[in-house]
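Inspection log for the structure reproduced underneath, given as structure tokens.
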Amino acid sequence: MTQKTNLFKGKQKKKSIPPSRHGKPAATRKGKRVVKPSKVTSGMEADREVSKFINYCNEVKAATAANKDGGQLSIVKHPTEAGTAGKK
């Protein structure tokens, strides 16, 4: 058998040139990337609304438990568009 790789049948693997980092550490990716689905169905929208409601309830329960213990934790609401436009 020959030792030359280009004589074998099949796909050849190309050597990739690593990027020049000039002493910088390699960037590590953590977690899964969020990819938006191409189609948003009504079931997906309903699931999102349910999860928002559950998250809000959990935050309220945590805030009330912290306030009972003497803490100063409270829920902060997002400012609305009309409220910020009036101040400018």
Query raised in the report: What is the minimum heavy-atom distance between Lys39 and Met44, and which atoms define it?
Result: O-SD, 3.7 Å
Requested in this report: If you link ILVMFWY side chains whenever their heavy atoms are less than 4.5 Å apart, which other residues fall into the same cluster as Val35? By chain and number, please.
Outcome: none
Query raised in the report: Transitive ILVMFWY cluster of Val50 at side-chain heavy atoms under 4.5 Å: who else is in it?
Result: Ile54
Query raised in the report: Does anything in residues 43-56 pair up under salt bridge (charged side-chain N to carboxylate O under 4.0 Å, His left out), and if so which pairs, sequence neighbours excluded?
Result: Glu45-Arg48
Report summary line: With sequence neighbours left out, the residues meeting side-chain hydrogen bond (donor to acceptor under 3.5 Å, both in side chains) with Ser42 are none
